[in-house]
Amino acid sequence: METEKYNHKEIEKKWQDAWEKEGAFHAKNEYDKPKFYALVEFPYPSGQGLHVGHPRSYTALDIVAREKRMQGYNVLYPMGWDAFGLPTENYAIKNKIHPRIVTEKNIARFKNQLQSLGISFDWSREIDTTDPEYYKWTQWIFLQMFKKGLAYKSEATVNWCTSCRCVLANEEVVGGVCERCGSEVVQKVKSQWMLAITKYAQRLIDDLEKVDYPERVKTQQINWIGRSTGAEVDFATNVNENLKIYTTRPDTIYGVTYMVISPEHPFIEKHKSKIKNIVDVEKYKLEANKKSDFQRTEMNKNKTGIKLEGVHAINPVNNEEVPIFVSDYVLMSYGTGAIMAVPAHDERDKEFAEKYCLPIVNVIDEDDIMINSGILNGLKSSDAKEKMIKFLESEGKGKAKVNYKLRDWVFSRQRYWGEPIPIVHCEKCGYVPVPESELPLKLPEIEDFESLEGGDSPLENITPWVNTKCPKCGADAKRETDTMPQWAGSSWYFLRYTDPKNKENLASNEAIKYWMPVDWYNGGMEHTTLHLLYSRFWYKFLYDIGIAPDVEPYKKRTSHGMILGENNEKMSKSRGNVVNPDDIVSEYGADTMRIYEMFIGDFEKPAPWNTSSIKGSRRFVERYFGLQKIVDDNKKMSSKLETSFHKTIKKVSEDIESIKFNTAVASLMSLINEIYEQGFITTEYLGIFTLLLSPFAPHVTEEVWKNCKLGSGFASNSEWPKYDEKKCKDSEVEIALQVCGKFRGKINCGTGLSKEEIFELAKANESFSKFIDGKEIVKIIYVPNRLLNAVVK
RNA sequence: GCCGGUGUGGCGGAAUGGCAGACGCGACGGACUCAAAAUCCGUUGUUGGCAACAACGUGUGGGUUCAAGUCCCACCACCGGUACCA
């Protein structure tokens, strides 16, 4: 009987309680020890409870944290709650319960579920973004940004979710619909708080060189920031105002045959008396405004526009007259809202020119050489770009310019369940920060959480809270009623873990200096342009004001793949393929669940769930538990098995470091197979196996550790096994024999034999020799300890 | 369209240019059992053959190499990101 049933419910609970009682996983404030800060994205405690996807990430970094702890590091592996947010608020509105109550309930459930998995979180450092003692510091950081001019209020066209009745950041609009609820997003002009993330655009690109992120994450961020280089050029007009355009291709300026301005461009309003067809133009403007972003993209192939009659521009390099069009294919929000159109070398301009029968002038030939281009003729287009910028600069008609697609971050939400923005609006003094001594500015207790009909925050109706005095001049004033977006609290939470109870500061200098940066941060790809970008931005700001010790918060970032349903589709209620982790833990145990999720496939790639495969992981755990029955210290372990042990220690250690948890588990499975082949194990080696398995299956290993008296204290806090490089080498090797690259048999022999010696042995092997007999040997290739290949004619 | 990624048995997946399919699931055969489950032993890429063995085989088509899943060129399919960003 090789497997051994064990009562996972009893064993797992027992050790979870024991660890918690002893504070086995508490990070120590001993700042002279080597530290390791492992971090996973803290969850939003939704009403659905934990998803099987959560433990994939948490277990992976738990393994890392546990291994580092066993290697002697002072490890910080914390957990908390990103608890502000819409679903809770919507649930609260629907069921007339305060969102705080809902949040508390959800947190309790999540915490329970996480604890049942045996993750070695330091629960003494638990944080909650909705706790006033926490959001005090979110508000404080906002005020520092306000003081540095990075938080500002602005009348802006914003994305408006028709269902959430709330503005969205660009990053929250996915394919023209709301990221959260999937409803239509329209454009609306509203006065909003903004954060000037664009001021950090270049640094957010440049500093990616300093961090160890997956390449795909770096590229995705770089693409999102969207840097482009070109020039701004002034085109004179017949109405006495220059039209400033942005182009990445100043080399093609001789090919300009018309210009386009966006429907929102102020030029129209300013010169409407000169525009002969102003009635039609305004009609076009109106139609363009009505379109949502979604509609604009849908119709993106079919360009529309209208010519401004009576006005024209002058090409600054050849003084030709250029007609001006209005079209919604030019966006007011990028560049200058106006372009020079070069239909010969731009797809969109070409499409428009063809539709409106505008001339197309070629200025670059097939060999990439400039033609019809005055001073640029004969140059390569890349050189022409440089030359034209210099020329325009010397003439005072333009200058080099860098642009970014990244927009400033819309930071206002018209909802209740978020951090109140700590600003007072005074008629006389304008926007005045709430004094830091009055933080946290708490959410008032209210009963109706629904946003107002016009889209204003429900806080608007709480007159006693809204009406206040100006902190500066004492006059009657009103509080800001917008709250912060969900991304606020998560933009700095990793700092709070370093010193979560601090009342004077967001965390002490010593704690921040010791623990930061996060050594290993794992999270989802979906946060690449949201949380990951936002938090890098905040950290850079905190560096600028002397709080963060360096410019990047996360040294190493990895991304887990999603766990899909059995049908290979994303798990969702509507698809009916959701697996509840509670059921798995209850039936198979946390250790099995953990091993299964690590073994399921490449950690970074998506993997479909398969309930019948879990049995294999459970069998493995039982086979491990059964080792207790075959302990025999009167026998000696074979040297082959000893070698396998050393190899496995090496492999598991390296695989954890390189995120290959699946092959780490596979190598432990192979090792246990070898142990059963031998038929017994010594106490010493059972100890080694137990320690190697401990990060993956912490409960059952703790139980065996104690049952077999493998060592003192917890296995979880014992020393990680070391391997001997010399003992990783087999004494006998198997060498593959090939003739002309085709496999023709194999031989076993000792290591370190020469090519000639191996060849002699090979010739004695019939299945090999029959392919070389009577043939001329051209070449012998020998790869030491692996393969011998005879090339014959 | 552009930018990433991925294509390997019935399935999840392994393979520093060096024996393709480790490890696991499933399936099949056997042992144990009155029987079943569990467990243990064996087989399991395809084709041909009683067999030893042979041929074929990592999305497709070429190429480099003694040797290609792995490197190069061209293409196809799927997934993710992004999209009138001038």
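Residue numbers start from 1 in every chain, and the chains themselves are labelled A, B, ... in the order their sequence lines are given, proteins ahead of strands.
Taking the centre and axis of the six-membered ring of A/F768, the NZ or CZ atom of A/R744 falls outside the cone set by 45° and 6.0 Å. Taking the centre and axis of the six-membered ring of A/Y329, the NZ or CZ atom of A/K303 falls inside the cone set by 45° and 6.0 Å.
Between B/G69 and B/U8, the two C1' atoms lie 7 Å apart (nearest whole Å). One C1' atom belongs to B/A22, the other to B/G13, and the distance between them is 10 Å to the nearest Å. Separating the C1' atom of B/A36 from that of B/U43 is a span of 24 Å, rounded to the nearest Å. Taking the C1' atom of each, B/U60 and B/A77 are spaced 10 Å apart, rounded to whole Å. If you take atom C1' in B/U44 and the same atom in B/G21, they sit 12 Å apart, rounded to whole Å. To the nearest whole angstrom, the two C1' atoms, one in B/G63 and one in B/A14, are 28 Å apart. The separation of B/G57 from B/U70, taken at their P atoms, amounts to 13 Å, rounded to a whole angstrom. On the P atoms, B/C72 is 15 Å away from B/G7, given to the nearest whole Å.
Nucleotide B/A54 has B/U47 as its partner under the Watson-Crick or G-U criteria, with both atom distances under 3.5 Å. Within the shown strands, B/C3 is the pairing partner of B/G80 under the Watson-Crick or G-U definition, both distances less than 3.5 Å. Under the Watson-Crick or G-U wobble criterion, with both distances below 3.5 Å, B/A22 is left unpaired in every strand shown. Across all strands shown, B/C71 forms a Watson-Crick or G-U wobble pair, both distances under 3.5 Å, with B/G63. A 3.5 Å limit on both hydrogen-bonding distances identifies no Watson-Crick or G-U partner for B/G9. Using N1 to N3 plus N6-O4 or O6-N4 for Watson-Crick, or N1-O2 and O6-N3 for G-U wobble, each under 3.5 Å, B/A36 pairs with nothing. Nucleotide B/G17 forms a pair with no other nucleotide shown, judged by Watson-Crick or G-U wobble geometry with both contacts under 3.5 Å. Nucleotide B/G29 has B/C41 as its partner under the Watson-Crick or G-U criteria, with both atom distances under 3.5 Å.
Rounded to whole angstrom, the span from the OH atom of A/Y596 across to the P atom of B/C23 amounts to 19 Å. The separation between A/F599 atom CZ and B/C25 atom P is 8 Å, rounded to whole Å. Between the CZ atom of A/R623 and the P atom of B/C23 there is a distance of 12 Å, rounded to whole Å. Counting to the nearest Å, the P atom of B/G81 and the OH atom of A/Y213 are 20 Å from each other. One atom, CZ of A/F696, and another, C1' of B/C23, lie 13 Å apart when rounded to the nearest Å. Rounded to a whole Å, the CD atom of A/E654 is 11 Å from the C1' atom of B/U16. Remark: P of B/G12 and CG of A/N567 are 13 Å apart, rounded to the nearest angstrom. The separation between A/Q221 atom CD and B/U82 atom C1' is 14 Å, rounded to whole Å.
Closest approach of A/I364 and A/S381 over heavy atoms only: CD1-CB, 4.1 Å.
Comment: A/K397 does not engage A/D234 in a salt bridge, judged by the lack of any side-chain N to carboxylate O separation of less than 4.0 angstrom. Between A/K763 and A/E757 no salt bridge is recorded (no basic side-chain N to carboxylate O distance below 4.0 Å). No salt bridge links A/R56 with A/E597; every basic N to acidic carboxylate O contact stays at or beyond 4.0 Å.
Set against B/U82, B/C25, B/A22, the side chain of A/S613 has B/C25 as its closest nucleotide. Looking at the side chain of A/Y329, the nearest of the listed nucleotides B/C84, B/G81, B/U82 is B/C84. The side chain of A/V330 approaches B/A86 more closely than any other nucleotide in the set B/A14, B/C19, B/A86. Among the nucleotides B/G81, B/A54, B/A86, the one closest to any side-chain atom of A/F771 is B/A54. Side-chain proximity of A/K605 to B/U6, B/C23, B/A86: nearest is B/U6. Here the nucleotide nearest the side chain of A/A736, chosen from B/C19, B/C3, B/C25, is B/C19. Nearest nucleotide to the side chain of A/L331, out of B/G18, B/A86, B/G13: B/A86.
For B/G9, the O4'-C1' to base torsion is within 90° of 0; the nucleotide is therefore syn.
Judged by closest nucleotide on RNA chain B, A/I600 is the one of A/K746 and A/I600 placed further toward the 5' end. In terms of position on RNA chain B, the residue among A/Q738 and A/S617 whose nearest nucleotide sits closer to the 5' end is A/Q738.
Between B/C23 and A/N662, no contact under 4.0 Å exists linking OP1 or OP2 to a side-chain N or O. Note on A/Y334: a side-chain N or O is less than 4.0 Å away from OP1 or OP2 of B/A86. The shortest distance between the side-chain N/O atoms of A/N302 and the OP1/OP2 oxygens of B/C84 is not below 4.0 Å. For A/R619, a side-chain nitrogen or oxygen approaches OP1 or OP2 of B/U39 to under 4.0 Å. The phosphate of B/A54 (OP1 or OP2) has a side-chain N or O of A/R744 nearer than 4.0 angstrom. Residue A/K742 places at least one side-chain N or O closer than 4.0 Å to OP1 or OP2 of B/C56. Distances shorter than 4.0 Å separate some side-chain N or O of A/K660 from OP1 or OP2 on B/A15. Contact annotation: A/T663 side-chain N/O to B/A22 OP1/OP2 distance is not under 4.0 Å.
Side-chain atoms of A/E734 and base atoms of B/C19 include a donor and an acceptor less than 3.5 Å apart.
Within 4.0 Å of A/T528, counting heavy atoms only, lies no atom of the nucleic acid at all. Looking at heavy-atom distances under 4.0 Å, A/N789 makes contact with a base. A/R786 comes within 4.0 angstrom of a nucleotide base, judged by non-hydrogen atoms across all strands. At the heavy-atom level, A/N673 lies under 4.0 Å from the strands shown only through sugar-phosphate atoms.
Taking 4.5 Å as the limit, some side-chain heavy atom of A/E232 sits within range of a side-chain heavy atom of A/T336. For the pair A/V733 and A/N748, the minimum side-chain heavy-atom distance is 4.5 Å or more.
A/R618 contributes a side-chain N or O that, together with a main-chain N or O of A/Y588, makes up a donor-acceptor pair within less than 3.5 Å.
No side-chain donor-acceptor contact under 3.5 Å links A/D730 and A/T643.
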